[in-house]
Amino acid sequence: MGEIKTGSCHCGKVQFEIDLGQGFLALNRCDCSLCRRRGTVMGGIPLDKFKLIAGVDNLALYQWHTNTAKHYFCQTCGVYTHHQRRSDPTQYGVNIGCVDGVNPFALADIPVTHGASESHFDP
Ligand SMILES: [Zn+2]
């Protein structure tokens, strides 16, 4: 059992479900060269708590740097939905702005991961 929440990209072609029964592992923003452009608050979740339910064929994959992390975004509306982490490939980082009923701007004091410094690099 868990708490299933739904989410989607902006145009709705990509849809997912996450099991938030355990909550997010962590919430963060990041100042690495990709995240500072993307600008989203991310929530960590184990891979098996994230399920794509629509639009898998509409996802684009972006990789850079060590090509370990897998960054996914909608090919139609361009919205980043989730990525498989380099720092911990057993986790996805989820764009919490895509999760239904979550307002990232209502959350106070989101820690910033200093991905721009290599020792904390966590795209
Ligand atoms: Zn879309």
Side-chain angles (χ1 to χ4, degrees):
M1 289 295 287
E3 184 191 350
I4 304 296
K5 282 193 176 286
T6 54
S8 65
C9 65
H10 187 254
C11 72
K13 287 188 174 170
V14 177
Q15 296 180 34
F16 60 84
E17 286 179 350
I18 52 177
D19 182 344
L20 275 187
Q22 317 280 322
F24 283 113
L25 299 169
L27 293 172
N28 73 300
R29 296 183 296 140
C30 173
D31 69 357
C32 83
S33 61
L34 175 58
C35 292
R36 69 173 60 189
R37 286 166 170 80
R38 203 158 61 184
T40 56
V41 176
M42 298 168 283
I45 195 161
L47 297 185
D48 64 355
K49 304 289 188 192
F50 179 99
K51 187 166 67 168
L52 272 173
I53 55 177
V56 63
D57 295 337
N58 212 54
L59 279 176
L61 170 63
Y62 177 60
Q63 294 184 279
W64 64 294
H65 194 57
T66 63
N67 291 323
T68 305
K70 295 184 168 78
H71 300 272
Y72 296 101
F73 62 95
C74 174
Q75 293 182 32
T76 302
C77 64
V79 167
Y80 149 72
T81 50
H82 65 293
H83 74 285
Q84 189 172 3
R85 293 193 148 149
R86 184 185 95 141
S87 60
D88 185 348
T90 70
Q91 289 184 28
Y92 285 124
V94 177
N95 177 356
I96 69 162
C98 291
V99 180
D100 294 328
V102 175
N103 179 358
F105 297 96
L107 302 168
D109 300 325
I110 302 295
V112 175
T113 300
H114 294 289
S117 64
E118 186 65 17
S119 60
H120 294 95
F121 189 76
D122 179 26

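Every number for a ligand or one of its atoms is a count from 1 in the order of the listing.
- No continuous path of ILVMFWY side-chain contacts below 4.5 Å connects L61 to W64, so the two sit in separate hydrophobic clusters.
- The side chain to side chain donor-acceptor pair (under 3.5 Å) check on Y92 picks up nothing, with sequence neighbours excluded.
- Listed by chain and residue number, the protein N/O/S atoms under 2.8 Å of the Zn ion (ligand 1) are C9 SG, C11 SG, C74 SG, C77 SG, with waters left out.
- Legend: residues meeting side chain to side chain donor-acceptor pair (under 3.5 Å) with D100, ordered by chain and number and at least two apart, are T6.
- Checking each of L25, I18, D88 against P46 for a side-chain contact (heavy atoms from CB on, under 4.5 Å) leaves exactly one that passes, namely L25.
- Here I53 is tied to no hydrophobic group at all, with no ILVMFWY side chain closer than 4.5 Å.
- Between H82 and L59 there is a side-chain heavy-atom pair separated by less than 4.5 Å.
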